[in-house]
Amino acid sequence: MTLERTLSIVKPDAVAKNIIGKIYDRFESVGLTIVACRMTQLSREQAEAFYEVHRQRPFYGELVEYMTSGPVVVQVLEGEDAIQTNRRVMGATNPEEAEPGTIRADFAESVQANAVHGSDGPETARSEIDFFFDEGDVCQR
Ligand code: ATP
Ligand code: MG
């Protein structure tokens, strides 16, 4: 077991539904600790850069539209195996395939409007945390 940090986003559909707290409860219930957080409205440039890896995918344009459609909440989660722990509590990308009791099974609207983002590995976690937060923004708890 290793203490890790991962980048999480409460996406626009979940912010619009006023379930930020319900989602934070899921993180805290599995022992993840919020060590930095901020609400922000992504610009087109930011959303395009954040999802650069998906630029060639057919859904890229719509994904950027959706991620800029309203404010998001970005947070750094810390805990044992935080990256995989968060992916587990999020559930599969497509809510129809997500395990019962996961965030996406319970709150996602669709494969696109799927409530949350979570880093998928140590490298992306580091770069995605740096994308949104300065070192000094991340607190010791
Ligand atoms: P995320 O990166 O947001 O944590 P993920 O790793 O489960 O989600 P990715 O394959 O990285 O899924 O896709 C990034 C995001 O693009 C998805 O969360 C979803 O919002 C959107 N997306 C993925 N596949 C599709 C699709 N087939 N149609 C529409 N949108 C999609
Ligand atoms: Mg992903």
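Whatever order the structure lists them in is the order used to number ligands and atoms, beginning at 1.
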Among non-hydrogen protein atoms, atom 20 (O) of ligand 1 lies closest to Gln112 O, 2.8 Å
Judged by heavy atoms only, the candidate from Met90, His117, Arg87 nearest atom 6 (O) of ligand 1 is Arg87
Any donor-acceptor pair under 3.5 Å linking the side-chain atoms of Asp120 with those of Thr124? yes
Pair Glu99 + Arg88: basic N to acidic O under 4.0 Å: no
Residue-level breakdown please: for Glu62 versus ligand 1, do any non-hydrogen atoms fall below 4.0 Å on the side chain, on the backbone, on both, or on neither? neither
Region of Asp120 engaging ligand 1 - heavy atom pairs below 4.0 Å: neither
Protein contact of atom 10 (O) of ligand 1 - nearest heavy atom, named by residue and atom, plus distance: His54 CE1, 3.9 Å
Tell me if the NZ atom of Lys22 is crowded by more than 12 foreign heavy atoms within 6.0 Å. no
Measure the distance from atom 27 (N) of ligand 1 to every protein heavy atom, then report the residue, atom name and distance (to 0.1 Å) of the closest one. Phe59 CD2, 3.9 Å
Identity and distance of the protein heavy atom lying nearest atom 7 (O) of ligand 1: Thr93 OG1, 2.5 Å
Tell me, please: is Met67 in heavy-atom contact with ligand 1, that is, under 4.0 Å? no
Would you mind listing which atoms of ligand 1 come within a distance below 4.0 Å of any non-hydrogen atom of Arg104? 1 (P), 3 (O), 4 (O), 7 (O), 8 (O), 18 (O)
Could you grab the distance from atom CD of Gln112 to atom CZ of Phe59, nearest 0.5 Å is fine? 9.0 Å
Return the orientation label for the Tyr51 and His117 ring planes: parallel under 30°, perpendicular over 60°, tilted otherwise. perpendicular
Separation between CG (Asn114) and CG (Asp13), nearest 0.5 Å, reads 7.0 Å
Check: Tyr66 N/O within less than 3.5 Å of ligand 1 N/O: no
Roughly how far, to the nearest 0.5 Å, is CD1 of Ile19 from CG of Asp106? 9.0 Å
Any side-chain heavy-atom pair of Arg104 and Glu97 under 4.5 Å: no
For atom 19 (C) of ligand 1, the protein heavy atom that lies nearest, with its residue and separation: Val111 O, 3.2 Å
Mark up the atoms of ligand 1 that fall under 4.0 Å of a heavy atom belonging to Asn114, in ascending order. 17 (C), 18 (O), 19 (C), 20 (O)
Using a 4.0 Å heavy-atom cut-off, which part of Leu63 comes near ligand 1: side chain, backbone, both, or neither? side chain
Ignoring hydrogens and geometry beyond distance, is a side-chain donor-acceptor pair present between Tyr24 and Gln75 at under 3.5 Å? yes
So, does Glu128 sit close enough to ligand 1 that a heavy atom of it is under 4.0 Å from the ligand? no
Which residue and heavy atom of the protein sit nearest atom 3 (O) of ligand 1, plus the separation: Lys11 NZ, 2.9 Å
Any idea which atoms of ligand 1 are less than 4.0 Å away from a heavy-atom of Tyr51? 3 (O), 14 (C)
Verify the distance criterion only: is there a donor paired with an acceptor across the side chains of Glu78 and Thr33 at less than 3.5 Å? no
Under 4.0 Å to a heavy atom of Gly118 - the qualifying atoms of ligand 1, by number: 4 (O)
Arg38/Asp137 ion pair, N-O < 4.0 Å: no
